[in-house]
2 protein chains.
Amino acid sequence: MKKTSPTIRDVAAAAGVSVATVSKYTNGSQRFSAPVEAKLKSAIESLGYRSNPLARSMITGETRTIGLAILDIRNPHFTNIVKGANRIALQNDYTLLLVDTEESQARERPLIEALAQRVDGMIVSSRMPDDSVQWMLELHKPVVLFGRNPNFPIPSVGTDSYLAAYMLARHLVNQGHRQFAYLGFGQSRWNDERIRGVQACLDEQGLTATVYDAAAPSPQAGERACSAIMLGPQRPDAVICYNDLIALGFIKEARALGFALPQDVSIAGFDNVPYGEYASPALTTVDLQSERMGELAMLKLIDALAGKSDSEYSLLEPRLVVRESTPRRAGAPHSDSTPEGRANPPRGGTSR
Amino acid sequence: MKKTSPTIRDVAAAAGVSVATVSKYTNGSQRFSAPVEAKLKSAIESLGYRSNPLARSMITGETRTIGLAILDIRNPHFTNIVKGANRIALQNDYTLLLVDTEESQARERPLIEALAQRVDGMIVSSRMPDDSVQWMLELHKPVVLFGRNPNFPIPSVGTDSYLAAYMLARHLVNQGHRQFAYLGFGQSRWNDERIRGVQACLDEQGLTATVYDAAAPSPQAGERACSAIMLGPQRPDAVICYNDLIALGFIKEARALGFALPQDVSIAGFDNVPYGEYASPALTTVDLQSERMGELAMLKLIDALAGKSDSEYSLLEPRLVVRESTPRRAGAPHSDSTPEGRANPPRGGTSR
DNA sequence: ATGAAAGCGCTAACAA
DNA sequence: TTGTTAGCGCTTTCAT
C-alpha cells in the first residue's frame, strides 16, 4: 500500500498517454478513441486514481463547497436550516462546510472570514448588528444572509416575523386572553419585529403586553425567566415566548412552581421545532419554515454563483400551529366571529 | 474594487521583497529585520491580502479540515456529537466539513469518498455492515468510527450499550415491572447490544421481553409502532425504546390511544436528548454522553493526524437518568434491597 | 536575513 | 482525437 496517492502523471504513464488526455477523460469533457478509453479506464482502476480536488480548484477557481455559519447547531431551528441547505447542496453537487459560532459574537467574524476562503459562497446566520456587515461584502464571495438587512443590499431570506407575531397574538386574543407577557430575546434580529407584531395586534384590542427578556434562546433561559413573570405582580394569562425552546423551559418551570397548565396560563412560541409537539401541553407555535429557509438560502446562493442575480430579500409565510398550550378562556368571543384563519392583519414594516 | 484577490506576488512587489519572504512572514516561520517587517505589514494591510489556503494545502498536504459524516443532523444525538466534535476542532484550529447522509446507505459511500479527498481525516457514523468498511481503509486518510468494528482495527468510540441497557432494565425491574417490551431499531449497530443487555438482566429475574422493531429512529416511527404493542395481546407495563425519539413518539401516541401515563405503562429510551426532560411524563433515559463522544472522536483523530496512534476503541460510561416516565409499580422490592446505583451487572461482550 | 528557482497536481489554451 | 506547454498561488530547499 503506497503512502502517497497516484497522480495524473502516474495514470498518463501507465496508460501511455499524456496528462492532458487523462484530465479530459476524468472531466468527461471530450470523447476518445476506443483503445485509449480502455487503457485509461484500466489504468485508473488499477492505480485507484482519484483526481485531487484541491489542485483542480486552484485552477478552476471553484471548490464546489458552500460555507454555512450558524449560531448553534443544537437549536432545532438551525438544525432544520442545515438540513434544508444540505439537501439542496447535495442535489447540486455541492458540499456543506459547517461552522457553529456558538452564539459568540467574538468568534463569528474570524471564523467566517477563514471559512470564506475555502468555499465558493457563504450562507450566514449572525447576531451581528446590521451595520457591521460591511466586511462581508469584502469577502469577494457571494453571501446569503438570514434576516433582512436594511442597510446593505445583500441577498437574504427570512420569515415574516411581524406577521407571525401578529397571528399568534390574534389567536390568543380570540381565545379570550387579556393579560399578555412577551418573553423575548433581545439579541436576535427578529425580536423587534415580533414585539411590534404582538403590540400592533394588542393595540387594536386596547390591550398591552409586558415585555421581558431572556438571557439566551434556550430552554434553560426560559426556566430561569419563569418565576419572575409568573410570581410577579402582573401575572399573565398568556405568555408569548421568543422561540419554542424558551417556551418549553417556561412550561416546565411553571409546573414546577405549582401552576396547572394550560389552565392557569397559556404559552406559545415561534419556530415549530419538532419537540413542541411532544411536550405537555403540546405547544402552540408559529411555523417559520426553518427547513425551507435553508433550502431557499442555498438556492439563492447557487443562483448567485451561476451569475443569476436574484431578488434581494425573500420572505416566507409563517403558519400558525395551534395545539394544547393555548386553550379557550372564559369570555372569549364567539368562535365564528373572527376565526384565526380569516384574520387579515396589515403587513408590517418588513414588507415593501 | 478588484475582482480578483491579491496574491503573494502582489504583496512581494508592493513591499519590494521576494515572494519567499512574504511566505515566511505570513507563516511566521522566521524573524525579520525591522524595515522589512514594517513594509510587509503595511503592504499586506493595504492590499487586504489573505493567503490562499488551497494553494498552501497543495504543497503542505494538509487542509486543516476534518470531515464528519453523520446519519441525520435532525437527531439530537447526532447534533450533540457535532457540537462536541466542532468544539474540539475549533480549539485545534481545524474546521468541520459536515455531510448528512440522511440515513441512506446508498449515499453514504460516495459522499464519504468525495469528502475524504478534501480533508485531513474523517469521523464517520454509519449504518454500513461491519465488513463493508474495508474501503474506508483505502481512503489513505485517518478515520475514526462510531461503534466498535469487530473485523477491522479502526480507532473508534462508543458508549457501552450493553451496560446501558442492562442498567435500564435493572431499574425497571426494581421498580416492579414485569411485562417488558423492547422497541428496537434493527438497522442500528447498537441495537443488538441493547437487546442483549436487556435480556441478560431479565434472564436473571426469570423475565422476558417481547422484541419489536421500529422503522426509523424517529418519533414518527415510535408513534407508528405504539398501537400494535399497546393494543396487542401482550400488553407490557414497561417499554424500552431504542432511543428517546422513538420513546417520545410512543408516549404521545399511547396517550392518544387513551392510556394514562405513566400509570398504565412505563417508557424509557436511550441518549438523553435535551427534549426528554420537557416531555410529560419526563422521560427516563440513559445518558450516552453524545457530546463527549464527538469530542473524543475528534481528539482521537487529531492524535492520529499527529502520528500518535491511540488505543483502538474507547468506551464511554453510560449513566441512568431517572425521571417520571418509569414510576414504582405495586409489588416492587423494598427500595433498599437493590438500589440501582449499586447494581453491579457483569460487563457484556463489548468489553475486553 | 533574504532571494532564486523548482515544483505541488491539475487544467486550459493552443498545436499537431 | 491527442499532446505540449504554461501556469494557478504557494512553500521550500538551497544559495547568497
Side-chain angles (χ1 to χ4, degrees), chain A residues 2-41 43-44 47-65 114 116-120 139-141, chain B residues 2-41 43-44 47-65 114 116-120 139-141:
Chain A
K2 280 211 272 310
K3 198 67 196 166
T4 164
S5 302
T7 79
I8 198 173
R9 263 187 281 272
D10 298 326
V11 176
V17 298
S18 76
V19 291
T21 305
V22 180
S23 172
K24 286 164 192 156
Y25 178 78
T26 57
N27 293 340
S29 58
Q30 209 184 265
R31 288 187 58 87
F32 297 87
S33 64
V36 171
E37 181 157 353
K39 282 179 152 190
L40 246 18
K41 199 171 173 181
I44 287 172
L47 289 172
Y49 169 76
R50 324 219 67 199
S51 152
N52 178 336
L54 258 61
R56 176 170 216 288
S57 291
M58 254 195 54
I59 294 169
T60 63
E62 69 164 28
T63 62
R64 296 218 72 86
T65 290
Q117 295 191 80
R118 332 181 116 278
V119 300
D120 293 346
L139 255 29
H140 295 298
K141 297 274 167 82
Chain B
K2 278 210 275 305
K3 196 68 195 169
T4 164
S5 304
T7 79
I8 197 173
R9 260 185 283 268
D10 298 326
V11 176
V17 299
S18 75
V19 292
T21 303
V22 181
S23 172
K24 285 163 191 157
Y25 178 78
T26 57
N27 294 341
S29 57
Q30 206 185 270
R31 288 188 56 88
F32 296 88
S33 63
V36 171
E37 181 156 354
K39 283 179 152 193
L40 247 16
K41 200 171 172 181
I44 287 174
L47 289 173
Y49 170 76
R50 323 221 67 200
S51 151
N52 178 336
L54 257 63
R56 176 169 216 287
S57 291
M58 255 194 55
I59 296 170
T60 63
E62 72 165 26
T63 62
R64 296 217 74 83
T65 291
Q117 294 187 271
R118 333 182 116 276
V119 299
D120 293 346
L139 255 29
H140 296 297
K141 297 274 168 80

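Side chains are part of it too, since the values below use all heavy atoms of this structure and drop only hydrogens, waters and symmetry mates. Letters A, B, ... mirror the listed sequences (proteins, then strands); counts begin at 1.
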Which one, D/dT1, D/dT2, D/dG9, comes nearest to the side chain of B/N52?
D/dG9
Determine whether B/T26 and B/V11 make a side-chain contact, defined as any pair of heavy atoms from C-beta on separated by less than 4.5 Å.
no
Flag, side chain of A/R118 to backbone of B/T63, donor-acceptor distance under 3.5 Å
yes
Has B/R56 got a side-chain N or O lying under 4.0 Å from the OP1 or OP2 atom of D/dT11?
yes
Can you check whether A/K39 reaches A/V17 side chain to side chain, under 4.5 Å on heavy atoms?
no
Give one of base, sugar-phosphate or nothing for B/S23, where a contact means two heavy atoms less than 4.0 Å apart.
base
Give the first and the last nucleotide of DNA chain C, reading 5' to 3', that has any atom under 4.0 Å from a heavy atom of chain B.
C/dA1 to C/dG9
If each of A/V19 and A/A34 is mapped to the nucleotide of DNA chain D with the nearest heavy atom, which maps nearer the 5' terminus, i.e. the 5' end?
A/A34
Ignoring backbone atoms, test whether B/S51 places a side-chain nitrogen or oxygen under 4.0 Å from the OP1 or OP2 oxygen of D/dG9.
no
When you compare the side chain of A/T21 with that of A/F32, does any pair of heavy atoms fall below 4.5 Å?
yes
Taking only N and O in the side chain of B/T60, is any of them less than 4.0 Å away from OP1 or OP2 of D/dT11?
no
Need one value for A/Y49: base, sugar-phosphate or nothing, where a base atom within 4.0 Å counts as base even if backbone is also close, heavy atoms only.
sugar-phosphate
What contact category does B/V22 fall into here, base, sugar-phosphate, or nothing, at under 4.0 angstrom with non-hydrogen atoms?
nothing
Under 4.0 Å between any heavy atoms, over every strand shown, what does A/R31 touch: base, sugar-phosphate, or nothing? Just pick one.
sugar-phosphate
Give B/V17 one of three labels, base, sugar-phosphate or nothing, depending on what nucleic acid heavy atoms sit under 4.0 Å from its own.
sugar-phosphate
Can you check whether B/P53's main-chain N or O pairs, donor with acceptor, with B/S57's side chain at less than 3.5 Å?
yes
Drop me the distance from A/Q30's CD to A/E37's CD, to the nearest 0.5 angstrom.
11.0 Å
Assess the residue pair A/S5 and B/Q117 against the criterion (side-chain contact (heavy atoms from CB on, under 4.5 Å)); give the C-alpha distance rounded to whole Å, side-chain angles, the decisive distance to 0.1 Å, and a yes or no.
CA-CA 11 Å; A/S5 302; B/Q117 294 187 271; over 6 Å; no
Length of the CD1-C1' vector between A/I8 and D/dG3, whole Å:
13 Å
